[in-house]
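See structure below.
Side chains are part of it too, since the values below use all heavy atoms of this structure and drop only hydrogens, waters and symmetry mates. All values derive from a computational prediction rather than experimental measurement. Throughout, protein chains are lettered first and strands after them, A, B, ... in sequence-line order, and every chain is numbered starting at 1.
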Number of protein chains: 2
Amino acid sequence: MNEPKSSKRQGRVTIREVAEDAGVSVAAVSKVLRDAYGVSDTLRDKVRASMGKLNYRPLASARGLRGRTYTLGLIFPDLRNPFFGDVFAGVNTALERTQYQVMQGIGTTIGALAEAMIDRQMDGILLVGPNEAPAYLSELALRKPIVAIGHHDDLTPMPFDTVNNDDQLGARLVVRHLIANGHRKIAMLSLLQEPSTVVRQRELGYRLEMMDQGLGANINVGRATQVARDVQLSVKRMLESADRPDAIFCWTDLMAFEAISVVTEMGLSIPDDVAIVGYDNTMYCDFAQNRLTSVDQSGELLGLQAARLLIERIEGRTEAEHFVVTPRIVARASSRKRG
Amino acid sequence: MNEPKSSKRQGRVTIREVAEDAGVSVAAVSKVLRDAYGVSDTLRDKVRASMGKLNYRPLASARGLRGRTYTLGLIFPDLRNPFFGDVFAGVNTALERTQYQVMQGIGTTIGALAEAMIDRQMDGILLVGPNEAPAYLSELALRKPIVAIGHHDDLTPMPFDTVNNDDQLGARLVVRHLIANGHRKIAMLSLLQEPSTVVRQRELGYRLEMMDQGLGANINVGRATQVARDVQLSVKRMLESADRPDAIFCWTDLMAFEAISVVTEMGLSIPDDVAIVGYDNTMYCDFAQNRLTSVDQSGELLGLQAARLLIERIEGRTEAEHFVVTPRIVARASSRKRG
DNA sequence: CTGAAAGCGCTTACAG
DNA sequence: CTGAAAGCGCTTACAG
C-alpha cells in the first residue's frame with residue numbers, strides 16, 4: 001500500500017486558526033462550538049464571526065475522540081423495500097435543525113454493522129426491524145444508546161427505547177377487514193428465515209383474530225424467504241392446494257406485490273378469485289396495477305419519533321421509553337367485496 | 001446539554017493494551033494493523049494473537065486523525081428507486097475482503113452530504129447520479145478521492161473517475177427496439193428539474209436515433225419532476241393530446257411504473273394502445289403486473305467497479321479512469337409487437 | 001467568564 | 001526489525 005496523500009487535509013481550517021483569528025483560546029472556540037455554558041456574548045460573537053469568515057467546519061472524528069461525533073447510525077435490512085424510505089424521511093425531519101447527521105448502514109448482518117458503527121464513534125444507533133436476539137440488543141444498548149424501530153418486547157420490557165406500530169392489532173384489522181368484505185378462507189404469507197418479533201406479532205394477531213371470529217379452522221400460514229423465487233413458489237403452492245384461500249394477507253407490501261404477480265401470472269383475478277392485502281402502505285400500493293390494500297403504520301412518524309428518542313438518550317435520559325403507533329387499514333381494490 | 005456518559009467507551013480495548021499483552025511497542029501493533037512493511041513474522045503472530053484474545057477493534061476516528069478511517073461514503077439521491085439497491089450490492093461485493101466499510105448518505109443535496117462525509121473523515125466518496133455542477137465535483141475531487149457513478153463528461157474529461165453505462169446508446173436501443181416492434185410515434189418522458197448528465201445523454205440518444213430513423217418529426221419530449229402527482233399529469237397530458245404517442249420511453253423504471261399506473265387507470269391497454277419502456281431493469285420489471293421492457297445497465301457491475309476504482313485512488317493512483325458498460329435491452333410484454 | 005495543559009487512540013517520521 | 005516521542009484536532013477538567 002502507498003502512503004495516503006499528505007495533501008489530504010491541505011487547507012482544512014482548524015480550531016486553532018479560528019482561535020488565533022478571533023484572538024481567543026482554543027478552549028473558548030470549543031465551548032462556542034458545543035454551545036457550552038460560560039461564554040460571554042462578546043466572545044461568542046467574535047468566535048462565530050471568525051468561524052464564518054474562515055469557513056470553519058469541525059472535524060467529527062477529532063471531536064469523537066473526547067466527546068461526540070454528532071453522527072447517528074441508521075441500520076436497515078435492505079434497499080428494496082420502499083417502507084424504509086418513509087422511516088428515513090422521518091429521521092431526516094427530526095434531525096433538520098440539529099447538529100446531528102445520519103449515516104446509513106444497510107444489510108441483514110446487524111451485528112457486524114453495529115460494531116462498525118461503534119468503531120466509527122457514532123453517538124447512537126437506530127435499528128430498523130432488527131432480527132438479532134434480544135440478548136444481543138440489550139448488550140449493545142449497554143455500550144451505546146440505541147433505538148429499535150420495529151422490535152417488540154419479549155417477556156420483560158427491553159432496556160432500550162423502542163418505536164413500534166401495534167403489529168398485532170394491524171394483523172387483526174386485516175382479518176376483520178377481509179371478513180367484512182366477504183372473505184373467510186384467509187391465509188397469511190409470513191417470513192421463513194429468522195422471523196423478527198414484528199413478524200411474530202403479525203402472525204399472532206392473525207391467529208388470534210381468526211379464532212376470535214370463529215375461523216380457527218381456516219388458519220393457514222405459509223412461509224417464504226425474501227427471495228423472489230421462493231415467494232413465488234409459496235404463493236403458487238397456496239393457490240394450487242385443495243382448499244385454495246380466498247384471501248392472502250402478506251406480512252409486507254413487498255411480498256404482496258410478488259403475490260399479485262403470481263396471481264396475475266396464473267390467470268386468476270384480484271380480488272374475485274383471491275384478495276391480497278399487504279402491510280406498510282408504501283407508495284407502490286397506489287399504482288393502478290397494484291391497488292393494494294395495506295396497513296399504514298406511519299413509517300415517517302416512527303422514524304421521526306425514533307430519532308428524537310435517540311437524541312434524548314444521547315443527551316442523558318436513562319430510562320427506556322416505548323412509543324407505539326396505532327395502525328390503520330387503507331382499503332383499495334385488491335380486497336374489494338366479493339361477488 | 002448534559003455531558004456524555006463517561007462510561008461510553010468503558011471496556012474498549014486500546015492499542016496500548018494489545019501492546020502490553022503482546023510485550024511489544026504500540027508502534028509495532030500499529031504496523032501489524034496496517035499490514036505495514038518491516039515487521040517480523042514472530043512479532044506479527046504475537047500481536048495477532050493478542051488482538052484476537054483481547055477482541056481488539058481499532059477505533060476508526062482515532063486512525064483517521066493521522067491516517068485513514070477505512071470508511072467510504074456512498075451518496076445516492078433517494079431510497080425509493082430500487083436501482084440503487086443493485087449498485088449497493090456491487091459496492092458490497094467489492095468491499096468484501098477488504099478493511100473498508102461503506103456508509104450511506106441519502107438525499108439530493110449532494111453538496112451538504114459530501115461535506116458531512118469529509119467532516120467525518122471518509123477516505124473517499126462514491127456519488128450516484130450526482131446532479132451537481134461539474135465544477136463543484138471537480139473542486140471536491142481535489143480535496144478527496146471521489147468516483148461518480150452515472151455522470152458523463154461535459155466537454156473536457158472529468159479529473160475524477162467515472163463509471164457509466166453508455167446512456168446515449170441505451171436510449172438508441174430503446175428507439176430501435178420500439179421501431180422494430182411497429183411503433184413510430186415514440187415519445188420520451190424525461191426529468192424536469194436539474195437534469196443530470198445522465199438524463200441529458202438519454203435524451204440526446206433518443207433524439208439522435210429518432211432522426212437517424214427518419215422520425216425526427218415525431219420527436220416528443222415530456223418532462224416531469226420525480227413527484228408522483230407530477231408524473232401522472234405529464235403522462236395524462238401526453239396520452240390526451242391530439243397526436244397521442246403509441247409508445248412512451250421513460251427515463252427510469254420508477255417513472256415507467258407510474259406511467260403504467262396512469263395508462264391502466266385511463267382504461268388503455270399496454271402495449272396495444274401504448275407501449276411503455278423503462279431504464280434500469282430493476283426487479284419490479286419482472287412482476288406480471290408490470291412486465292416492463294427496460295434497459296439493463298448492470299447496476300451491480302457499476303457499483304463493483306466504482307468501489308474498486310475508489311480504493312485504487314485512495315491507495316495512490318493519480319490519473320482519472322473512466323469505465324463504461326454497454327447497456328442491453330431486456331424485452332418484456334410492455335413493448336410487444338403491435339397489432 | 002477565560003485559558004493553559006493534558007489527553008482521547010491512533011499513525012508517523014525518526015533513531016537505533 | 002523495533003520502539004520512544006511527537007502530533008492529528010478536538011474536549012475536558014482544572015486554575016485563575
Side-chain angles (χ1 to χ4, degrees), chain A residues 1-20 22-47 51 54 56-71 99 118-121 123, chain B residues 1-20 22-47 51 54 56-71 99 118-121 123:
Chain A
M1 289 194 200
N2 302 323
E3 303 304 327
K5 285 179 288 183
S6 65
S7 64
K8 200 166 80 179
R9 221 142 39 221
Q10 188 189 48
R12 178 140 200 143
V13 178
T14 69
I15 199 175
R16 150 166 281 143
E17 296 170 58
V18 174
E20 277 167 15
V24 300
S25 75
V26 162
V29 177
S30 172
K31 278 187 187 153
V32 173
L33 211 54
R34 287 173 289 127
D35 265 322
Y37 122 107
V39 201
S40 69
D41 289 356
T42 332
L43 188 144
R44 191 186 358 260
D45 290 349
K46 269 195 301 187
V47 171
M51 294 197 312
L54 302 175
Y56 169 72
R57 296 181 63 97
L59 196 65
S61 41
R63 306 183 81 174
L65 227 40
R66 298 287 298 200
R68 300 191 197 141
T69 56
Y70 295 92
T71 311
Q99 284 200 69
I118 290 179
D119 294 344
R120 280 156 187 81
Q121 298 278 90
D123 295 333
Chain B
M1 289 194 202
N2 301 325
E3 304 303 328
K5 287 179 290 184
S6 65
S7 64
K8 200 165 80 179
R9 219 141 41 221
Q10 188 189 46
R12 180 141 198 141
V13 178
T14 69
I15 199 174
R16 150 166 281 143
E17 296 170 59
V18 174
E20 277 166 16
V24 300
S25 75
V26 162
V29 178
S30 172
K31 278 187 186 151
V32 173
L33 210 56
R34 286 171 291 126
D35 265 322
Y37 121 107
V39 201
S40 69
D41 289 356
T42 332
L43 187 143
R44 192 188 355 261
D45 291 348
K46 269 196 298 187
V47 171
M51 294 198 310
L54 301 175
Y56 169 72
R57 295 182 63 98
L59 195 66
S61 41
R63 306 183 81 172
L65 226 40
R66 298 286 299 199
R68 300 190 199 142
T69 57
Y70 295 92
T71 312
Q99 286 200 66
I118 290 179
D119 294 344
R120 281 156 186 80
Q121 298 278 90
D123 295 332

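Taken to the nearest 0.5 Å, the CG atom of Leu33(A) stands 6.0 Å off from the CD1 atom of Ile15(A). In this structure, Arg120(A) CZ and Thr69(B) OG1 are separated by 6.5 Å, a value rounded to the nearest 0.5 Å. With rounding to the nearest 0.5 angstrom, the OG1 atom of Thr71(A) is 9.5 Å from the CD atom of Gln121(A). Note that OG of Ser25(A) is 7.5 Å distant from CG of Leu43(A), once rounded to the nearest 0.5 Å. Note that CD of Glu17(A) and CZ of Arg12(A) are 11.0 Å apart. Values are rounded to the nearest 0.5 Å.
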- Task: Using a 3.5 Å limit on both pairing distances, list the dot-bracket string of DNA chain C from the 5' end; Watson-Crick and G-U wobble pairs count, crossing pairs take [ ], interstrand pairs take |.
- Result: |||.||||||||.|||
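For Leu65(B), the listed nucleotide lying nearest its side chain is dC8(D); candidates were dA4(C), dC10(D), dC8(D). Side-chain atoms of Leu43(A) lie closest to dG3(C) of the nucleotides dC10(C), dT2(D), dG3(C). For Ala62(A), counting side-chain heavy atoms from C-beta on, the closest listed nucleotide (dT12(D), dC10(D), dT11(C)) is dC10(D). The Val24(A) side chain lies nearest to dG3(C) when the options are dC10(C), dG3(C), dT12(C). Closest contact between the side chain of Ser25(A) and the listed nucleotides dG3(C), dG3(D), dT12(D) involves dG3(C).
Residue contacts for Ser30(B): at a heavy-atom cut-off of 4.0 Å it reaches a base atom on one of the strands shown. The residue Val26(A) sits close to a base: some heavy atom pair falls under 4.0 Å. Across all strands, Ala28(A) comes closer than 4.0 Å only to sugar-phosphate atoms, never to a base (heavy-atom distances).
Spacing between atom CD of Gln99(B) and atom P of dC10(C) amounts to 13 Å, rounded to whole angstrom units. Note: CD (Glu20(A)) to C1' (dG3(C)) measures 14 Å, nearest angstrom. Asp119(A) has its CG atom 13 Å from the C1' atom of dC10(C), to the nearest Å. Rounded to whole angstrom, the span from the CZ atom of Arg44(B) across to the P atom of dT2(D) amounts to 10 Å. If you take CZ of Arg34(A) and C1' of dA13(D), they are 11 Å apart, rounded to a whole angstrom. dC10(D) atom C1' lies 14 Å from atom CG of Leu59(B), rounded to whole Å. The separation between Arg57(B) atom CZ and dC10(C) atom P is 12 Å, rounded to whole Å. dG9(D) atom P lies 17 Å from atom CD of Gln121(A), rounded to whole Å.
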Distances for protein N or O near nucleotides 14-16 of chain C N or O, under 3.5 Å:
none

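Contact annotation: Tyr56(B) reaches the phosphate of dC10(C) (side-chain N/O to OP1 or OP2, under 4.0 Å). In this structure, Ser40(B) reaches the dT2(D) phosphate: one of its side-chain N or O atoms is under 4.0 Å from OP1 or OP2. Between Arg66(B) and dT12(C) there is no side-chain N or O to OP1 or OP2 distance below 4.0 Å.
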- Task: Could you walk me through whether Arg34(B) and Ser30(B) pass the side chain to side chain donor-acceptor pair (under 3.5 Å) test, one step at a time?
- Result: CA-CA 6 Å; Arg34(B) 286 171 291 126; Ser30(B) 172; 3.0 Å; yes
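Asp119(A) has a carboxylate O that lies under 4.0 Å from a charged side-chain N of Arg57(B), or vice versa, which qualifies the two as a salt bridge.
With hydrogens and angles disregarded, a donor-acceptor distance shorter than 3.5 Å links the side chain of Asp123(A) to the backbone of Tyr70(A).
Contact between Val13(B) and Leu54(B) at its shortest, heavy atoms only, is CG2-O, 3.4 Å.
In this structure the side chain of Leu59(B) reaches within 4.5 angstrom of the side chain of Leu65(A), judged on heavy atoms.
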